[in-house]
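Notes to accompany the following structure.
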Amino acid sequence: MGTILRVESSILQLECPLDSRPIQLVFRDLQVFREKRVLLRDVAGVVKPGELLAVMGPSGCGKTTLLNCLSGRIGLDNGEIWLNRERLTKRWRRRICYVQQQDVFFPDLTLRQTLEYQARLRLPDTLSQVQKMQSVDHIIEVLDLTGCQDTIIGDHTKRGLSGGEKKRTSIACELLTNPSLMLLDEPTSGLDSYSAQALISRLKRYAVQEGKSIVITVHQPSSRMFHSFDKLLLLSRGQVAYYGSTASIGRFFATIGLTLLPHYNPADFIMEQIKGPEEVRERIIAAAKAMRQGSECPPELHADYNPSQHPICDHFFHYHEHHITHNAKEDEGRTLWLDTQSHASSSASSTDEDYYWQWPTSFWSQFKVLSERNFQEARPRMLSRLNWFQTIALGILAGLLWLRLPRTEAALHDIQGWMFFSTTYWMLFAHFSALSSFPPEREVINKERLSGSYRLSAYYLAKMVGELPLTILLPAVYHIISYPMLGFHCPAVFITLLAFLLLNTVVAQSVGFFVGACCLDLQVSITASALYTLATQLLGGYLATSVPPWLAWARYSSMVHYAYQNMQIVEFGFGEPIACSQPSKFQECKNGTTIPVSAILENQNGVRGSGLPLWSNTAVLLAFLMIFRALGYLVLRYYRIPK
Ligand SMILES: Nc1ncnc2c1ncn2[C@@H]1O[C@H](COP(=O)(O)OP(=O)(O)OP(=O)(O)O)[C@@H](O)[C@H]1O
């Protein structure tokens with residue numbers, strides 16, 4: 001078995017470029033100020049491969065702020081962070097796993113689907129689908145998620161995974177990529193004590209066996225869990241109250257006259273002292289400062305130690321190789337954590353530097369997986385029973401209201417009414433659907449962008465393509481129901497009208513997406529959208545036919561105007577002609593029996609020759625589509641950069 005593991009492992013090492021080099025994390029003198037408040041002051045520590053550092057402290061002491069700094073999510077006002085011999089820069093983000101406090105997922109996907117998409121996106125193309133799915137199976141098993149793998153993630157509106165299961169799913173998503181440095185913000189919150197202990201033991205084993213460096217924040221660990229940590233960083237109001245091995249904590253407190261009683265949970269004791277009288281807190285902080293100056297302080301934290309000049313990497317690269325071999329030999333039959341992924345190691349020393357920093361998958365792979373995921377994630381939302389009911393009911397209602405209309409001048413206003421209602425209704429539907437779906441989706445996308453899972457362009461293109469069938473299905477059903485009920489039977493007109501209805505819907509969705517991308521506040525985006533869509537309706541050409549000349553230009557900013565114009569051109573130009581009434585308000589009826597389409601449009605616009613031809617209206621709609629899609633992309637790319 002040991003041999004098999006090693007063989008599998010080595011095959012993966014050869015095949016998998018997403019190797020995982022052991023990382024030594026050194027952070028010194030970290031200072032963060034916000035709004036004149038000190039969030040972190042002179043915080044320092046070292047985490048070596050194979051070590052688990054726990055960050056503890058009362059609520060609000062700066063634990064999350066520290067992890068945000070270590071992951072590069074927030075900038076420092078002072079201090080330095082080193083990963084091996086390099087300073088932390090943006091490109092390291094993809095190599096660091098950060099499990100945040102909040103679990104952010106698509107609620108309608110099951111746990112297994114979520115992990116499978118993560119594997120397909122974040123594991124390199126050089127791994128086969130089978131290998132990627134094996135990794136998912138393995139992670140599910142290791143994190144004890146088998147029983148709930150087919151349960152949806154869920155949210156506040158629908159029940160899904162429990163809090164602890166969601167937390168483990170977050171960890172599973174990150175572990176898939178075999179990261180060398182793991183930062184976990186309260187991974188045990190929401191877990192019962194047994195599961196919490198089991199998780200920490202697994203993390204610890206993972207750190208030791210695979211040479212990982214792990215930092216976790218934790219609130220009230222049990223005594224047993226506390227002793228699983230190699231090191232402890234205790235924070236109090238942003239300052240270090242202790243940094244060192246967990247084994248020495250009793251000695252440290254004894255030096256300042258505070259005795260840790262045997263059989264007492266050290267974590268409880270520490271928290272009681274640090275939250276005790278101010279004088280005790282100050283003594284603890286002073287002792288921690290003195291310790292930093294003393295002989296017990298690791299050399300990496302000395303001011304004159306320059307990580308870039310120390311040949312530490314080679315040593316670490318060998319670390320993992322030795323441990324893998326050692327463990328496999330020593331413990332035949334035991335399954336390593338992520339044995340299918342044990343591709344950290346010596347291969348790193350010989351790998352091409354550039355390859356290490358590249359995207360894990362090609363643009364095409366990302367596009368394919370994201371389109372599929374978008375489709376699957378959006379389907380329950382966009383094609384909900386409620387939406388089906390609304391569409392069918394409205395289709396029938398519109399059909400009944402405008403049932404079997406005669407093609408006469410008297411019925412002209414009604415025919416136009418159906419067209420205008422259809423375009424505006426689907427404009428509103430698509431716009432507000434895009435708007436409301438964007439805020440929750442943005443959180444997932446931001447998290448994935450921060451972890452460098454894929455290109456924004458691949459996501460953006462996939463979103464357009466993946467959601468397209470869902471966007472057009474309901475308006476198509478509405479049209480199929482209502483249009484024949486009007487009593488018109490020309491198939492070419494039916495199809496062309498449908499095409500313009502769908503184009504109008506997709507344009508409106510682009511505008512909704514753009515507004516959603518711009519505004520973080522849903523209230524603001526709803527107000528902006530209501531203003532825009534209502535103005536668009538007013539200027540569409542149906543509700544107000546005698547617009548003042550100085551405001552006539554405004555109709556050209558209304559997307560509904562173009563779609564509505566085109567529908568009239570098609571219906572009245574290519575469908576059965578509209579018979580004149582006697583008497584008629586159209587000049588053209590004096591010399592003929594039917595009303596030409598140009599007369600209908602002029603009568604409506606109030607200005608002779610003011611309407612655009614079919615192709616121009618179509619071109620403007622397409623331009624709307626392109627421009628708003630491009631603007632949405634630019635906003636996400638340059639304005640709403642995730643932090
Ligand atoms: N951007 C900010 N501006 C001002 N204050 C901030 C900002 N971010 C965080 N803080 C404050 O910094 C302090 C530390 O916050 P942080 O989230 O790091 O605490 P924590 O130790 O993780 O707390 P908890 O254990 O409750 O999660 C808090 O008092 C918080 O209010």
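Start at 1 and go down the list; that is how both ligands and their atoms are numbered. Just so you know, residue 1 is the first one in the sequence shown, and it goes up from there.
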Check if Gly57 has a non-hydrogen atom at a distance under 4.0 Å from any atom of ligand 1. no

Is there a side-chain contact between Ile284 and Ile256 in this structure, where contact means two heavy atoms from C-beta onward sitting under 4.5 Å apart? yes

Lys289 bridged to Glu282 by N-O distance under 4.0 Å: no

Close-contact set for ligand 1 against Gly62 heavy atoms, below 4.0 Å: 14 (C), 18 (O), 19 (O), 20 (P), 21 (O)

Please name the pair of heavy atoms, one in Gln239 and one in Arg281, separated by the smallest distance, quoted to 0.1 Å. OE1-NH2, 4.2 Å

Counting from 1, what ligand 1 atoms have a heavy atom of His219 closer than 4.0 Å? 25 (O)

Looking only at distance, does Thr64 have an N or O less than 3.5 Å from an N or O of ligand 1? yes

Qualifying residue, where the test is side-chain hydrogen bond (donor to acceptor under 3.5 Å, both in side chains) with Tyr117 and the options are Arg373, Gln376, Arg112: Gln376

Residue, atom name and distance, where the atom is the protein heavy atom closest to atom 25 (O) of ligand 1: Lys63 NZ, 2.9 Å

Identity and distance of the protein heavy atom lying nearest atom 27 (O) of ligand 1: Gln101 NE2, 3.3 Å

Starting from atom 26 (O) of ligand 1, find the nearest protein heavy-atom neighbour and note its residue, name and distance. Ser59 OG, 2.6 Å

With a 4.5 Å cut-off on side-chain heavy atoms, are Met225 and Val218 touching? yes

Students should be able to answer this: which protein heavy-atom is nearest to atom 23 (O) of ligand 1, and at what distance? Gly60 N, 2.9 Å

With a 3.5 Å cut-off and no angle check, do the side chains of Asn68 and Thr65 form a donor-acceptor pair? no

Arg37, Glu186, Lys36: member with heavy atom nearest to atom 29 (O) of ligand 1: Arg37

Shortest protein heavy-atom distance from atom 4 (C) of ligand 1, along with the residue and atom involved: Arg34 CB, 3.6 Å

Measure the distance from atom 16 (P) of ligand 1 to every protein heavy atom, then report the residue, atom name and distance (to 0.1 Å) of the closest one. Thr65 OG1, 3.6 Å

Do Phe513 and Tyr633 have their ring centres less than 6.0 Å from each other? no

Judging by distance only, is a nitrogen or oxygen of Leu39 under 3.5 angstrom from one on ligand 1? no

Has Asp192 got a side-chain atom pairing as donor or acceptor with Tyr194's backbone, closer than 3.5 angstrom? yes

